[in-house]
Amino acid sequence: MKLELGLIHVTDVQFGPESKIEGSVVYLNEEEIKKIVLEDETIKSVKLDIARPGESVRITPVKDVVEPRVKVEGRGGVFPGWTHKVDTVGEGKTNVLKGMAVVTTGKIVGFQEGVIDMVGEGAKYTPFSKTVNLVLDIEPVEGLKQHEYEKAVRLANLKVSTAIGELARNITPDEVKVYEHDTIMEGIKKYPDLPRVGYVLMLQSQGLLHDTYVYGVDAKQTLTTMIMPTEIFDGAIVSGNCVSACDKNPTYIHENNPVVEELFAQHGKTLNFVGVIITNENVYLADKMRSSDWSAKLCKYLGLDGVIISQEGFGNPDTDLIMNCKKIEAEGVKTVLITDEYAGQDGASQSLADADVAADAVVTGGNANVVVHLPKLDKVIGHIEYVDTIAGGWSGSLQPDGSIIAELQVITSSTNEQGFGKLSAR
Amino acid sequence: MCTVTPISLTVGANRIVPTIAIPHPLGNPALDHDEEKKLRRRLVEKALKALQTPIDDQTIFE
Amino acid sequence: MYKIVHYINQFYAGIGGEDHADVPPAKMAEIPAVSKAFNAAFKGEAEIVATIYCGDSYFAENTDKALNEICEMIKAENPDMVIAGPAFNAGRYGFAAGNVAAAVKAQLGIPTLTGMYEENPGTDYKSKTIIVPTKNSAAGMRDAVAKMAPLALKLAKGEELGPYYVEGYMYTGIRKNLFEEERGAKRAVDMMLKKLAGEPFITEFPMPNFDRVAPNPPVADITKAKIALCTSGGIVPKGNPDHIESSSASHYGKYDIEGVQYLTSETYQTAHGGYDPVYANEDPNRVLPVDVMRDLEREGKIGSLHRYFYATVGNGTAVANAKKFAAEYAQELKADGVDAVILTST
């Protein structure tokens, strides 16, 4: 399976009379974008805004972040099961608007929405301070239930991102990255002496507002299975997640899965990247047992020498992580885990809810309990009043002077567990 | 009383009673009210039994 | 020139061995050989200005008193940092050195450093001071001084030490955030390649050890027992009057349920932000079984349901906090004559 990602470097997004891409600037007709959002009758109104790196702007409460992409060649379209019908993606050519993102905000849906600061202390921790962000501030109709609101916002982002991606269909990319994934037989023949390495990608699936979708299917209703790594780059995995902002995987991070990228970078050189196993994090113990049994079974069946396991969220998913680790190690397959920590504000507490001696190789995205002081910024896109109630904030987090004192938890993707960022802890 | 008993074992709880699910440990929204309450009572009775049982080590009362 | 105070035991003070271990703390008139060895290693950047000793037995038997006296003596010198030991594998010396280093840091806010063998029981203080691993006997003095002196200098200058595996001190268990050169995914793949090749690698997070407590004896007669309900599932009166955080809770609530027959969606809710709250909000008894406990109380199956329940949010809440909450309200439960507790978690 071969996928070419054509990167079009975006340096700015501006509103204008015509939606188009010229050079490295994306121009958007505001009314066209609004129309797409308002097609959904559960949405009452939408406000658009643009936040650029270095501007004194804070976006909160952030729900999802999406990177616009368009399938130029090959089967299917991006976000299969959502904005395109279900069809296997991951092959051919896909154009990517690199350097921009579509961010959704709105009145809070759950407890757990994030903060993106475009400048200052907070900007150090979120990858989305480095992208030019089109922000959709979406207000639902009266009486809409939380989970329906989440769905409306999720769909709005995917539709707008798809429409913006379309603008890049006929643009010649600035840079092309080729990802070629061998079949099992090809891999064995080509690289008989390289260690066989896989990736167990854990998806948050704890229930309403804590969900992830694969080709449109709610991951909590799935058994552990395999996905081709290039399918992920085509938007096969979509976030519907309102868990803590720091360590949920926004759709953007799935589209740019860093573990997949790094394994591709080593493929054929130091290792043979065999495949990706996706597994869930459910709320029933039986599901946890079954899903982790299945991960271990697949690792063994694929004849893997090692797997990287990435977690999403924290707390009881720590158990899914440890179960996966223990069971996979018991099959003789070596593991490296990627997680983050809740070691208390002083860093002195135990970081994970579960532990095992088999987990001897761990990469951490940092301690999410660390308190950060975010200065007042000139402009807020969204609704600042929710800072006190989002996970990582407390009553009084929003200071009278407009600054914020809260845990790192509140910052979108600050302790990402796919290893997207450079933050760590010791 | 908890759903994810492996965590209870890791953190050192001694008398452990497994429950239904994380968001509703002592209930099951799929059941009607009376059935659900009966289920809850069975679980609590199991906890009472656990409290009356001598143990030497961490024990899960299935 | 930075000023350093050195703490040692009676042996290194030249007073004597085990038979002189009962001497109380005192400041030496002239600094001994071991302090001079450090001074040589500082190459003029810092100097041990005073050496304080104490007999190991005296310290062990009069710990609080000795600590007070030693802290006073150190305070009087107003040093930039304090070195204790190295104690190698001497257990009581390690205990004293670790204790002094921890107390000076905590009480006087002065940076401290000690050194000892990995199996010395004094290493229990490694989360409270910086401990450099040494050989197991005084034959390793030269090596210990060579490792400790540069760290002592950094601490005296008020510099932050790098991570333990770079600087060579023992893992403190205190987690500190830092930015790495490479992103996490790259670090994971690099670690995987090392692990597969059987090469040494350093995990970024050593697995923790959790506490164990001996099980309590069973309740003798449950029909007479007063039973309390507690939960980490965040059940609170509607409106969350104590503002318990949806994640990383800093406190717990104590709520009176006298006369409450069951919990309703109008009167109670969950404050927990880590699970889908719909079911708990609809019927809070699903997390805190007040309804069933009242039935059992009425039927005489239990003595009584305690008048108060205790609740916090277990979502991203530090174990140390949770432990502190329970230690506190366990005293209240005992004082209230509660015989048993049912703790529900989500």
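Every chain is numbered from 1 and lettered A, B, ... according to where its sequence line falls, protein lines coming before strand lines. FYI, side chains are in, hydrogens and waters are out, and symmetry mates aren't considered; it's all heavy atoms of this structure.
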Walk me through it: do A:H147 and C:V278 pass the test side-chain contact (heavy atoms from CB on, under 4.5 Å)?
CA-CA 10 Å; A:H147 66 277; C:V278 169; 5.9 Å; no
Contact class of [X] relative to chain C, heavy atoms under 4.5 angstrom:
X      : result
A:S310 : neither
A:L408 : side chain
A:V370 : side chain
A:D356 : backbone
A:I308 : both
A:A353 : backbone
A:N367 : both
A:E341 : side chain
A:D346 : backbone

Donor-acceptor under 3.5 Å (A:S349 side chain, C:V319 main chain)
yes
Indicate yes or no for a side-chain donor-acceptor contact from C:K195 to the backbone of A:V336 under 3.5 Å, with no hydrogens or angles considered.
no
Output yes when A:E261 and C:K186 qualify as a salt bridge under the 4.0 Å nitrogen-oxygen rule, no when they do not.
no
Salt bridge flag under 4.0 Å for residues A:E262 and C:R187:
no
Step by step, work out the side-chain contact (heavy atoms from CB on, under 4.5 Å) result for C:V189 and A:L271.
CA-CA 10 Å; C:V189 173; A:L271 55 80; 4.1 Å; yes
Check [X] against [Y] and note the closest heavy-atom contact, atom names and distance.
X      : Y      : answer
A:N369 : C:S248 : ND2-OG, 3.2 Å
C:S247 : A:G392 : CB-N, 4.0 Å
A:P195 : C:L196 : CB-CD1, 3.7 Å
C:M192 : A:V197 : CG-CG1, 4.3 Å
C:F201 : A:A361 : CE1-CB, 3.5 Å
A:S424 : C:E180 : CB-CG, 3.7 Å

Gap separating the [atom1] atom of [X] from the [atom2] atom of [Y], nearest 0.5 angstrom:
X      : Y      : atom1 : atom2 : answer
C:S246 : A:Q409 : OG    : CD    : 7.5 Å
A:S395 : C:I244 : OG    : CD1   : 12.0 Å
C:N177 : A:T415 : CG    : OG1   : 8.5 Å
A:F420 : C:R183 : CZ    : CZ    : 6.5 Å
A:T335 : C:M191 : OG1   : CE    : 10.5 Å
A:F314 : C:N315 : CZ    : CG    : 4.0 Å

Checked A:L352, A:V307, A:V259 vs chain C; the most non-hydrogen pairs under 4.5 Å come from A:L352
Could you tell me which of A:G344, A:G315, A:G306 has the largest number of non-hydrogen atom pairs under 4.5 Å with chain C?
A:G306
Are [X] and [Y] side-chain neighbours, meaning at least one heavy-atom pair lies under 4.5 Å?
X      : Y      : result
C:E204 : A:R426 : yes
C:D276 : A:L209 : no
A:T364 : C:R175 : yes

With a sphere of 6.0 Å drawn around NZ of C:K194, does it hold more than 12 non-hydrogen atoms of other residues, nucleotides or ligands?
no
Answer yes or no: does atom NZ of A:K145 have more than 12 heavy-atom neighbours from other residues, nucleotides or ligands under 6.0 Å?
no
Atom group of C:F205 that falls short of 4.5 Å from chain A, counting heavy atoms:
both
Would you mind checking which part of C:L193 comes under 4.5 Å of any heavy atom in chain A, side chain (CB onward), backbone (N, CA, C, O), both or neither?
side chain
Among A:D360, A:V357, A:V362, which residue satisfies the side chain to side chain contact (heavy atoms under 4.5 Å, CB included) criterion with C:M207?
A:V362
